[in-house]
Every structure is written in C-alpha cells, then in structure tokens.
Amino acid sequence: MAHTTLPGFRDFYPEQFAERAYVTRAWREVARRYAFMEYDGPPLESLELYTAKSGDEIVGQLYNFVDKGGREVALRPEMTPTFARMVSARANSLRKPTRWFSIPQLFRYERQQKGRLREHYQLNVDIVGEAGVAADAELVACAIDICRELRLTSNEVVVRVSDRRVMHAYLAALGIPSGAFEVVLAVTDKLARQPRAVSAEKLAAAGLNESQVNAVLDITSATLDTVATAIVATSEPGGEHVEELRRFFEYVGTLVPDGAAWLQFDLSIVRGLAYYTGIVFELFDRSGEFRAICGGGRYDNLLGAIGGAALPALGFGMGDVVLTELLRARKLLPVTEPSVDYWLTADEDVPLTKIMAEAAQLRAQGFSVEYALRHQTPSKQRKSANAAGAHSIIHLTNAATAGSHAR
RNA sequence: GUGGCUGUAGCUCAAUUGGUUAGAGCACCGGAUUGUGGUUCCGGGGGUUGCGGGUUCAAUUCCCGUCAGCCACCCCA
C-alpha cells in the first residue's frame, strides 16, 4: 500500500460521506429553523490568534508550521477565535442579537482514540449581544432539537446544565475559601473519571474539611433547590443567578415540547475552557458509553478581552465524530444504497448517440440517469441497472419504440 | 508524550505443535444462463502475510525494532 491517510485523518467513501451529509443536513436544517445565519472563515490562521489568548502551552496541541513566507501558522483548532475576530470587526454594524452558525473542519495535533481524531467537523452556533437567559435557552433548545431531528430522544441523551456563578456561590456557602476554588473545579470536572478516594485526597489537601469534601464529592446529586437553600441560608450573593437558572429551565421546557425531560441540573459540569462566565452545558448519551457530544455556554467577557467590542456572547460546539458514533450504535443512521431514477438499456444495434440523446432529455427534466458507456449485452445492462439501484429501466430498441417498467 | 492489546485480499475470516505455489465467502471485472429486472453456473484480477531485521534447513506462525489501529492515562473538541 503506497499511500494511506495520515493518522487521525479520514477518507470519506460514498457510504461515509452519506453519513456525514445526513448529520450536516440536520445541523443546517435546525439552525435555519432557529434563524441562525451561516458563515465561515479560513481554515489556516496565524499561530498568534490562538497563543494570544491561551498561552504558548497550547502550541503542543496545534497543527502548526512555518509557511513559505516564514509566517507561523496553524490549522484552526476551534472556531471561536475566528468568530470573535469577525464579529469584532463589524460589531457596530451587526444587527443584535447576532445569530450565526458555521460547520468548520477543525484540527488538533493529538494522539487519536475513539471519538477523538486529528480532524473533525464541528457545528458552531453562537449568539452575540444578548445578556438575558432567553438567549441561553434558545441555544440549548437548538441543540436538543438537533438531537430530535436525528431521532434521538431524552431516553438516550441528557443535557447537563450548570452555572459558573451559582457554583461559586454554592462553594462560598459551603464555607470553602475562594483560594481553593480552582482545585475544587478541577476535581469536580473529573469526579466521574477519577476514584472517589483520589478526589477526596486532593480536596483535603486543598484545605477542605470533611463535610466540605463530602459536599463536593456529592455535588452531582445536589438539586437546584438544595443549592438555593444553602445559598440563601448563608446570605451569600448569587441568589439572582439561581432565579435565572430557574427561568432558563422554564424557557427550554417551553421551546422544546419535551424539553424538561432532557435537562438535568448538575453542578459538576465545569467545562475546561476558562472563558466561560455563566450557564454552561454539555450533552451526553445517558449510557455513558461516549464522550460529550456537545458543549457550550456563556462567555460574556471574551470579545472584550481580545480587543473587540465588549458584547455578551454565548455558543456551543457539536462535533461529528461522537455524534455519528452514537447514531450508529443506536441504529439511527440511514442505510445508504445506490439510487438512480432511470437506467437506459438498449439493444446492441442501437447507436450510443441515441441513448445519449434520451439521457439528455431526461436529465434536462431533473432526473438522474445512467446507462452503459459502451456496448454490452442487454442482460449485462439489466444487471448493471439493478446494481445501480435504478428505480425505472427504459429499454431502447432500434425501431425507436421505448418501454419502461416500474422496478 | 506514557503504558497495554492487536496487525493475513476492499470487507469478514482460514492456513496441523514453524513445513510444498497463503485459501474461502462477499465485493469487483468478464462470459454464459435464466420465457423474459434481484436466478444459477463458469472464469478472472487482486496479498513481497503492515514494514525492517534476527533465530532456523524452513517463519503468516518464534524474538527485537518500527509504523499503524484500538484502549487507558495526559489533555481537551
């Protein structure tokens, strides 16, 4: 085998391309219903666009190189920097709230494993210029509707929702010093993947007492009511964010028929990215078999931080790899079979130009048409027609009589 | 980047304890056949057994390295 794909890259044969098209079609269709406009940017950007915000350590995860002009460049690992730049450049003239989506191919130089390649397609949906929770609800409703469009149900997928501000208020209510928040968030993020004893040890090392440690370890099961009660009881600020969260749940339940069934309040949702400021969420399959299929949240300070207009913003990303794996496992991917409207067969004394003329006429009417590109026996032609998935066969004879048969 | 498992045809798999020219089904190509569009039959192409070394009279089989895939870390999308 002379050539193969590079590690972590994929060939899309027609069968795989059909799967990808099925998913991207659902993305576009639902995004359109929610009135998002599609945009795109360059797949190659200057390295600085990514290091400026995240620091040099991110370079190890980037697909970067020096181009022939001596520029440090990188294949885009995420869409948000490009999006932020584009929005900032026209921030004053864009109608608010701005609702945009994109389906970029993203790249990351990492060791590949299940659900994680060096390249993937990711739907990015963002809203800019609206600080209220109705925007957060629209975003999550959109993500849920995409799942519904792909025939996933709340039995298979759950949306775990948290809020950075509520989390901070709750930790403060527990009496945990703000200096330990960073460690607590890191441990919380790994609760499901790390042995409980290890988490407990790290929390104790950060200075938490026993009851605080247990409260953090059980944070996944903390309901919005218990969290609200704890915050109110200690008169910690943050009560208004709890109320916002309640409205958020109500809005999503209204926007999606069975919206409430998809939602689950879960403070353990942290999201690695540091720039999130409010409600954050992730979509998981309930079996726990796969990685997160979608994640996002509010990042009100990011646009201002990169030197653009200080506008509130929020968004989510949904990759094709995990989503397609889930659909395949649930047998929700359409079976792809070849299909053509008409297949023209002909007796062997019929000139090829006559067949071509017939094909041209049908194609002009919008039908897909195939025929043998060289002389073959009628028997052989019929076999080819069947293999091509012909809906109808039209047989041409030299007497100019044509007959068609429903398949 | 670290560790574990696995590599035979496009796909799914064979090949006695190491032993002739590495086989089969499906798929593909060609030819017949089928009272007539999913039948059946015949034939064909396609593998330096991932790659490179080593042990041996002899390696798909045993050993080492390397590459790739899968899984778990790391990290995140």
Side-chain angles (χ1 to χ4, degrees), chain A residues 1-11 13-16 50 54-55 57-63 74-83 102-125 143 186 189-190 192-195 198 269-276 280-284 289-297 315-325 337-338 340 342-347 372-395 397 403-407:
Chain A
M1 195 64 68
H3 299 289
T4 58
T5 58
L6 289 167
F9 285 79
R10 300 170 285 177
D11 284 328
Y13 286 87
E15 310 87 75
Q16 288 90 43
Y50 304 110
S54 310
E57 62 273 16
I58 199 172
V59 175
Q61 312 284 301
L62 291 181
Y63 226 106
L75 291 165
R76 59 185 175 195
E78 56 168 330
M79 199 56 177
T80 302
T82 301
F83 173 75
S102 188
I103 304 179
Q105 187 178 22
L106 304 178
F107 305 86
R108 206 99 172 189
Y109 198 90
E110 286 186 329
R111 172 75 66 90
Q112 66 166 319
Q113 51 184 293
K114 183 183 173 72
R116 204 169 179 73
L117 307 172
R118 287 185 172 178
E119 149 273 317
H120 75 150
Y121 291 89
Q122 187 190 62
L123 170 68
N124 276 73
V125 181
D189 194 25
K190 291 185 184 172
R193 290 163 294 171
Q194 190 168 259
V198 175
I269 297 301
V270 172
R271 305 282 303 151
L273 295 171
Y275 55 66
Y276 287 115
V280 292
F281 61 93
E282 291 187 345
L283 272 66
F284 290 91
E289 185 183 346
F290 301 94
R291 296 165 181 278
I293 60 182
C294 172
F316 72 79
M318 183 184 290
D320 71 314
V321 180
V322 175
L323 182 57
T324 304
E325 282 175 355
E337 287 170 350
V340 61
Y342 290 104
W343 218 98
L344 307 183
T345 63
D347 289 340
L373 297 178
R374 56 191 159 92
H375 281 294
Q376 287 179 326
T377 63
S379 155
K380 175 62 185 166
Q381 293 178 51
R382 283 196 302 274
K383 281 184 176 29
S384 296
N386 285 325
H391 292 116
S392 308
I393 291 178
I394 295 178
H395 187 69
T397 65
S404 82
H405 311 269
R407 188 182 174 202

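Below, chain A is the first sequence line, B the second, and so on; all start at residue 1.
Taking the side chain to side chain contact (heavy atoms under 4.5 Å, CB included) definition, one finds that A:Val340 meets it with A:Trp343, A:Ser368, A:Glu370, A:Ala388, A:Ala390, sequence neighbours left out. A:Phe316 pairs by the ring pair (Phe, Tyr, Trp, His ring centres under 6.0 Å) definition with nothing, not counting sequence neighbours. Taking A:Arg111 as the reference, nothing meets the side chain to side chain contact (heavy atoms under 4.5 Å, CB included) condition, with sequence neighbours excluded. Annotation: ring pair (Phe, Tyr, Trp, His ring centres under 6.0 Å) contacts of A:Phe290 (sequence neighbours excluded): none. Scored by the side chain to side chain donor-acceptor pair (under 3.5 Å) test, A:Thr324 finds no partners at all (sequence neighbours excluded). Under the salt bridge (Lys or Arg N to Asp or Glu O under 4.0 Å) criterion, A:Arg382 pairs with no residue, sequence neighbours left out. Residues meeting the salt bridge (Lys or Arg N to Asp or Glu O under 4.0 Å) test with A:Glu325, sequence neighbours left out: none. Not counting sequence neighbours, the partners of A:Arg291 by the side chain to side chain contact (heavy atoms under 4.5 Å, CB included) test are A:Gln113, A:Arg116, A:Val322. Residues that satisfy the side chain to side chain contact (heavy atoms under 4.5 Å, CB included) test with A:Gln376, not counting sequence neighbours, are A:Ala372, A:Arg374, A:Lys380, A:Gln381, A:Ser384.
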Between the protein and nucleotides 1-7 of chain B, which nitrogen or oxygen pairs come in under 3.5 angstrom?
unit_1	atom_1	unit_2	atom_2	d
B:U2	O4	A:Arg111	NH1	3.4

Could you list the protein-to-nucleotides 29-32 of chain B atom pairs, N/O on both sides, closer than 3.5 Å?
unit_1	atom_1	unit_2	atom_2	d
B:G30	OP1	A:Arg374	NH2	2.7
B:G30	OP2	A:Lys380	NZ	3.0

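Comparing the C1' positions of B:A14 and B:A22 gives a spacing of 10 Å, expressed to the nearest Å.
In RNA chain B, consecutive stretches of 3 or more Watson-Crick or G-U wobble pairs with both distances under 3.5 Å are given as paired ranges: B:1-7 with B:67-73, B:10-13 with B:23-26, B:28-32 with B:40-44, B:50-54 with B:62-66.
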